[in-house]
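Data first, discussion second: the structure below is written as structure tokens.
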Amino acid sequence: MIDKTSSAIITPLSTLKFSETLTLWQKVHGRNDLPWQQEITPYRVLVSELMLQQTQVTTVIPYFERWLQHFPTVVALAEASEDEVMTQWQGLGYYSRARNLHKAAKFVVNELNGQLPDNAEQLREVPGVGPYTAGAISAFAFNKPAAIVDGNVKRLFSRYFGIEGDISSAKVNKTIWSYAERYTPTVNNRRYAQALLDLGATVCTPRSPDCQQCPIRTSCNAYATGRVDILPEKKAKKKIPTRRGYFVLDLTTDGVILTQRSGDGIWPRLWCLPQILEPLETASIHGSFKHIFSHYKLDATVIIESAEQFGQRIPLEQLDNYGLPTPIRKYLNTLRV
DNA sequence: TAGGCGTGGAA
DNA sequence: TTTCCAAGCCT
């Protein structure tokens, strides 16, 4: 006897059929020419995964290529200076990732005999490697069974299984991980993991998903119930505040005064114009710029003032050897013309 | 546990 | 112009 209430609800594919369908789809429609998918090594996967945290593929590609030129091996990275590391990372954002990657390289060389572990549990001990990245390295670098849950998987699974509730909540997160683990195949994990990300990034997109191209739409809960545009559920975002900032410009023919910021707050360990709380009444304004961070807007004023005591003078021609925040670099570049 | 932490591309 | 948000992690 068929239960009328449940017969209206779509039935998910079996775990085996699910992974097989996605894997076959990926082979034809997925991304298989990304730089970190060639000459696969644990180090290359580690670098790519740290760079890809909250950052789009097209943004990462040039940084990844340059990084591998400068730091070809995990040993080379472990032996590099912090300034070299920050210089190579400058412009990519979320700079704690750069320090974590540097720490990770030292950790691998000094504590792990130069070898990344192949399982998620041990990978979690590596600096900068969280639950997603641990699974990703296990699957991508070693082709081992490992669950991965990132923004793509959350969106894909919340729609496919019809999971309601705030997608950022701990409860829903736990539910998604549970599905992710249950549906992880025992073979072809590299391609299966790539399939999840590719499907989420190119078909099951946040806005205007292309359901007609989806290989699992006939068993998708959201598609069957007309909730593709409703799931995943997100709570309203708070408006970000605006903060005012004052930066000191002390420029002579010998160069500009820069100071290395602390490890706390925004732009940790990057070189920057000295920042002050309040300018003197007599200070003259050189210019201004605005910048938008993830959590606040910066309305910056650049003051002309002596700043010898705040930092060191650096010739403009040598700026490329220092890691500078993007808006500061852009501002200084306007002076060099 | 919720907020801090960048930047740029796309609609 | 505004808004969203992207292969998250750390504290």
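Naming convention: chains lettered A, B, ... in sequence-line order (proteins, then strands); numbering from 1 in each chain. Since the structure is predicted, the reported quantities are computational estimates derived from the model, not experimental observations.
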Original post:
In terms of side-chain heavy atoms, does A/Q260 have a donor or acceptor partner in A/Q312 at a distance below 3.5 Å?
Top reply: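 No, A/Q312 and A/Q260 have no side-chain donor paired with an acceptor closer than 3.5 Å.
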
Find the distance [X]:[atom1] to [N]:[atom2] and express it as a whole number of Å.
X	N	atom1	atom2	result
A/I176	C/dA7	CD1	P	15 Å
A/R207	C/dC4	CZ	P	9 Å
A/Q194	C/dA7	CD	C1'	9 Å
A/I167	C/dG8	CD1	C1'	14 Å
A/K290	C/dT1	NZ	P	11 Å
A/Y132	C/dC9	OH	P	9 Å
A/K103	C/dC10	NZ	P	9 Å
A/R155	C/dG8	CZ	C1'	15 Å

With a non-hydrogen cut-off below 4.0 angstrom, is [X] in contact with a base, only sugar-phosphate, or nothing?
X	answer
A/I240	nothing
A/V153	nothing
A/R31	base
A/T133	sugar-phosphate
A/W89	nothing
A/K234	sugar-phosphate

**OP:** Quick one: which residue pairs count as a side chain to side chain donor-acceptor pair (under 3.5 Å) with a foot in residues 294-307 of chain A, not counting sequence neighbours?
**Re:**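 For residues 294-307 of chain A, and leaving out neighbouring residues, the side chain to side chain donor-acceptor pair (under 3.5 Å) pairs sorted by first residue read A/K290-A/D299.
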
Original post:
Given the P atoms of C/dA7 and B/dA11, what is the spacing between them in whole Å?
Top reply: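 Their P atoms lie roughly 14 Å apart.
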
**OP:** Taking atom P in both B/dG6 and C/dT11, compute the distance separating them and give it to the nearest angstrom.
**Re:**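 Rounded to whole Å, the distance is 14 Å.
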
Subject >> Residues forming a ring-ring contact (aromatic ring centres under 6.0 Å, His included) with A/F140, sequence neighbours excluded >> reply: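 Once residues adjacent in sequence are excluded, A/F140 has no partner under the ring-ring contact (aromatic ring centres under 6.0 Å, His included) criterion.
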
When the side chains of residues 314-328 of chain A are checked against the rest of the protein, which donor-acceptor pairs come out under 3.5 Å, sequence neighbours left out?
unit_1: A/D320; atom_1: OD1; unit_2: A/R329; atom_2: NH1; d: 3.3

Run the side-chain donor-acceptor check on residues 97-105 of chain A: report pairs under 3.5 Å with partners two or more places apart or on a different chain.
unit_1: A/R97; atom_1: NE; unit_2: A/Y94; atom_2: O; d: 3.2
unit_1: A/R97; atom_1: NH1; unit_2: A/L50; atom_2: O; d: 3.1
unit_1: A/R97; atom_1: NH1; unit_2: A/M51; atom_2: O; d: 2.7
unit_1: A/R97; atom_1: NH1; unit_2: A/Q53; atom_2: O; d: 2.8
unit_1: A/R97; atom_1: NH1; unit_2: A/T55; atom_2: OG1; d: 3.1
unit_1: A/R97; atom_1: NH2; unit_2: A/T55; atom_2: OG1; d: 3.4
unit_1: A/R97; atom_1: NH2; unit_2: A/L92; atom_2: O; d: 3.3
unit_1: A/R97; atom_1: NH2; unit_2: A/G93; atom_2: O; d: 3.0
unit_1: A/R99; atom_1: NH2; unit_2: A/G263; atom_2: O; d: 3.3
unit_1: A/N100; atom_1: ND2; unit_2: A/S96; atom_2: O; d: 3.3
unit_1: A/H102; atom_1: NE2; unit_2: A/L77; atom_2: O; d: 3.3
unit_1: A/H102; atom_1: NE2; unit_2: A/A80; atom_2: O; d: 3.0

**OP:** Sequence neighbours left out, what pairs pass salt bridge (Lys or Arg N to Asp or Glu O under 4.0 Å) with at least one residue falling in residues 195-223 of chain A?
**Re:**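 Non-adjacent pairs meeting salt bridge (Lys or Arg N to Asp or Glu O under 4.0 Å): A/R31-A/D198.
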
Original post:
Quick one: on DNA chain C, does A/S48 or A/P127 contact a more 5' nucleotide (nearest heavy atom)?
Top reply: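 Result of the comparison: A/S48.
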
Original post:
Once each nucleotide of nucleotides 1-8 of chain B is scored for protein heavy atoms under 4.0 Å, what B/S/- sequence comes out, 5' to 3'?
Top reply: --SSBBBS

Original post:
Is there side-chain contact between A/V129 and A/L46, with heavy atoms separated by less than 4.5 Å?
Top reply: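 Yes, at least one pair of side-chain atoms sits under 4.5 Å.
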
